[in-house]
There are 2 protein chains.
Amino acid sequence: MKIDRTILKSLPLFERMTDADLDSMLQHASPRRIVPGDAVFEQGARAKSFFLLLHGRLKVTQVTQDGQQIIVRMVHPGDLFGFAMALRREDYPGTAVAAAESLVIAWPTDMWPRFVEQNPRLAVTAMQTIGQRLEEAHTRIREMSTEEVEKRVAHAVLRLSKQAGRPVETGIRIDFPISRQDIAEMTGTTLHTVSRILSAWEAKGMVEGGRQKLTVTDPQKLLNLADGIRD
Amino acid sequence: MKIDRTILKSLPLFERMTDADLDSMLQHASPRRIVPGDAVFEQGARAKSFFLLLHGRLKVTQVTQDGQQIIVRMVHPGDLFGFAMALRREDYPGTAVAAAESLVIAWPTDMWPRFVEQNPRLAVTAMQTIGQRLEEAHTRIREMSTEEVEKRVAHAVLRLSKQAGRPVETGIRIDFPISRQDIAEMTGTTLHTVSRILSAWEAKGMVEGGRQKLTVTDPQKLLNLADGIRD
DNA sequence: GGAAATCTTTGATGTGGCGCAAACTGGCTG
DNA sequence: CAGCCAGTTTGCGCCACATCAAAGATTTCC
């Protein structure tokens, strides 16, 4: 399979690169199609490659010693992933699993310095990306520290609808299969509690649930709840 | 006050730089002494500078809308801070307060690209630094999601003793004034709970407490507890 | 040295949400 | 179409931890 450079060029990450540089990057790229449930890489494995998600949706998970799993973050189309740590670490700190049919491009890890050299802006952009992720992580830490479960779930759902929302008749539909378990692992709670919360919201007409489905029907109410505004 | 370049050179961050480059960086540097309780910068303020901590200890905090405070991370000597976000953001996402008498160097934010250009290794190192911080943040998210309070506190104390520990006769002393409130804000709990936990530990001979003081007397027991090994 | 301010300890009480258990539902398979 | 399986819902009891309250302990300041 060949990848057209125009696809890359449409991404903010690469928009400033010359065609020649892009082509040279693509020479070392190997595309990979991932089916839902399959992993792009596994926690602890040697970091041989770094990746770009072209299409689909991934979740990056970590498991604790006692087997509990958490979702560290979602990967959306256009995101680089599996690279931040590769610079200092030898192994991947988490597992990247496809939540939907996905298409990724893989590059050998040792190509990274060369690409950066070729295009210093890439380094700056990459750094901004990590900086942003760090900030998101801190936001999440703050939420986990101070907010009760319902607010955290509200924030998570809003984030999902922003990053992966597709407008449908009744509202904004999360555009990939997502379970209560997933939401629980993103918010540090149990699927039971998430189920209860979503049921309550559904009764209030804020969301519409379903098996691996979620549609936000009243974003405003959800936002109020997330911001702690009682009604 | 003048800063000697040998101080910088002893830091991993700068060890590969030439004397000339270091001198040129130092020309734009302004040293600042901060007394405990004073802030280097405040959350929301325009990010005019980025900083290096030479000596002392800082805590980076964030406040939520409803006034609750959390400690995002500690800054230790040799750490760059207040820069990661400055690349994409205009303002500081948190407040940096001195926990002990501290000495920082400030550079104008707009110097950053120039320094990077002058010394590309700086960019790589900086990125590794942020990558590492991101990983730490994820670790903390995982802890907050899955672990109960006592284990989280154990992890926090162990981290502190590693990053800011000074050997004393009875064990490893945290080398700056730290209150139960601080530990609570690092672990997402209340000072009451932290106090209770530390009292219990003290009874078991694992730590020695005191007003703004903490000494780990039995790191092994603490480690076992943090790793979930019951005794 | 006494008073004020700050930090810490400890008790009593309440509750959010977890753990366990069981029933339910929609979708897929043979 | 029956049966199975993964995901979801819901009830109930309990416990870890927050909250409220108040009294010590240390340091600081006049």
Side-chain angles (χ1 to χ4, degrees), chain A residues 35-37 59 64 66-71 97 99-100 143-154 156-157 174 176-204 207-215 225 228 230, chain B residues 35-37 59 64 66-71 97 99-100 143-154 156-157 174 176-204 207-215 225 228 230:
Chain A
V35 300
K59 42 187 178 185
T64 61
D66 56 317
Q68 276 195 86
Q69 190 174 93
I70 67 147
I71 296 182
V97 178
E143 286 176 8
M144 303 264 322
S145 300
T146 62
E147 291 175 0
E148 50 197 28
V149 173
E150 190 175 18
K151 278 178 100 176
R152 299 208 300 265
V153 175
V157 170
I174 310 286
F176 63 92
I178 184 164
S179 68
R180 321 283 140 164
Q181 178 71 37
D182 289 332
I183 297 176
E185 286 173 11
M186 299 191 327
T187 51
T189 180
T190 61
L191 79 159
H192 308 276
T193 301
V194 171
S195 177
R196 270 179 253 270
I197 289 172
L198 291 184
S199 295
W201 288 354
E202 192 152 13
K204 289 187 198 159
V207 300
E208 270 171 16
R211 192 192 177 78
Q212 311 237 67
K213 282 199 288 274
L214 191 56
T215 307
L225 203 158
R230 299 256 148 255
Chain B
V35 299
K59 42 188 178 185
T64 61
D66 56 318
Q68 276 194 85
Q69 189 174 94
I70 67 148
I71 295 181
V97 179
E143 285 176 9
M144 303 263 324
S145 300
T146 61
E147 290 176 0
E148 49 197 27
V149 173
E150 190 175 16
K151 276 178 100 175
R152 298 209 301 267
V153 174
V157 169
I174 312 286
F176 62 92
I178 185 163
S179 68
R180 321 284 140 162
Q181 177 72 38
D182 290 331
I183 297 176
E185 287 174 10
M186 300 191 323
T187 50
T189 180
T190 62
L191 79 160
H192 307 275
T193 301
V194 171
S195 177
R196 270 180 251 270
I197 289 172
L198 290 184
S199 295
W201 287 354
E202 192 152 12
K204 288 187 199 159
V207 300
E208 270 171 17
R211 190 194 177 79
Q212 310 238 66
K213 282 199 288 274
L214 191 57
T215 306
L225 202 158
R230 299 256 147 256

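Here is the naming used below: chain letters follow the sequence lines, and residue numbers restart at 1 for every chain. Computed over heavy atoms, backbone and side chain alike; hydrogens, waters and symmetry mates excluded.
For the side chain to side chain donor-acceptor pair (under 3.5 Å) condition, the pairs that include at least one residue of residues 176-185 of chain A, sequence neighbours left out, are A:Lys59-A:Asp182, A:Ser179-A:Asp182, A:Gln181-A:Glu185.
In this structure, CD of A:Gln181 is placed 9 Å from P of D:dT8, rounded to the nearest angstrom. Between B:Glu185 atom CD and D:dA18 atom P the separation is 13 Å, expressed in whole Å. The CD atom of A:Gln212 sits 13 Å away from the C1' atom of C:dC28 (whole-angstrom rounding). Put simply, CG on B:Asp182 is 15 Å from P on C:dT6, counting in whole angstrom units. Between the CD1 atom of A:Ile178 and the C1' atom of D:dG7 there is a distance of 13 Å, rounded to whole Å. Between the CD atom of B:Glu150 and the P atom of D:dC15 there is a distance of 17 Å, rounded to whole Å. In this structure, B:Glu147 atom CD and D:dC17 atom C1' are separated by 16 Å, rounded to whole Å. The distance between atom CG of B:Leu214 and atom C1' of C:dT9, rounded to the nearest whole Å, is 15 Å.
Considering only side-chain N and O atoms, A:Thr193 lies nowhere under 4.0 angstrom from the phosphate OP1 or OP2 of C:dG16. A sub-4.0 Å separation between OP1 or OP2 of C:dC7 and a side-chain N or O of B:Ser179 is absent. The side chain of A:Arg180 contributes an N or O atom lying less than 4.0 Å from OP1 or OP2 of D:dT8.
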For each nucleotide in nucleotides 24-30 of chain D, reading 5' to 3', give B when a protein heavy atom comes within less than 4.0 Å of its base, S when such contact involves only the sugar-phosphate, and - otherwise. -BBS---
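A pairwise comparison of heavy atoms in A:Glu143 and A:Arg152 identifies O-CD, 3.6 Å as the closest pair. When all heavy atoms of A:Gly188 and A:Met144 are compared, the pair lying nearest together is CA-CE, 4.4 Å. Nearest heavy atom pair, residue A:Leu191 against residue A:Ala184, reads N-CB, 3.5 Å. In terms of heavy-atom proximity, A:Met186 sits nearest to A:Ala156 at CE-CB, 4.0 Å. Scanning both residues, A:Pro36 and A:Ala99, for their nearest heavy atoms gives CB-O, 4.0 Å.
Distance CD/B:Glu202 to OG/B:Ser195: 10.0 Å, rounded to 0.5 Å. Here CD1 of A:Ile178 is found 9.0 Å from CD of A:Gln212. Values are rounded to the nearest 0.5 Å. Atom OG1 in B:Thr64 sits 9.5 Å away from atom CD in B:Gln69 (nearest 0.5 Å).
A side-chain contact (heavy atoms from CB on, under 4.5 Å) with B:Val194 is found for one member of B:Thr190, B:Ile197, B:Leu198 and no other, namely B:Leu198.
Residues B:Ile174 and B:Thr215 are not in side-chain contact: their nearest non-hydrogen atoms beyond the backbone lie 4.5 Å or more apart. Counting heavy atoms from C-beta on, the side chains of B:Thr146 and A:Ile70 come closer than 4.5 Å. Contact of the B:Leu225 side chain with the B:Glu150 side chain is registered, since non-hydrogen atoms from C-beta on lie closer than 4.5 Å.
Remark on the helix from C:dG1-D:dC30 to C:dG30-D:dC1: inter-end axis angle 40°, axes from five-pair C1' superpositions, rounded to 10°.
Every residue two or more places apart in sequence or in another chain that forms a side chain to side chain contact (heavy atoms under 4.5 Å, CB included) with A:Ala100 is listed here: A:Arg57, A:Phe176, A:Pro177.
Checked against D:dT19, C:dC7, D:dT10, the side chain of A:His192 finds its nearest nucleotide in D:dT10. Side-chain atoms of A:Thr190 lie closest to C:dG19 of the nucleotides C:dG19, D:dA18, D:dT9. In this structure, of D:dT8, C:dT8, D:dA18, it is D:dT8 that holds the atom nearest to the side chain of A:Leu191.
Taking every heavy atom of residues 194-202 of chain B and every atom of DNA chain C, pairs under 4.0 Å involve B:Ser195, B:Arg196, B:Ser199, by number.
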Check nucleotides 1-4 of chain D for protein N or O atoms closer than 3.5 Å to its own N or O atoms and list the pairs.
none

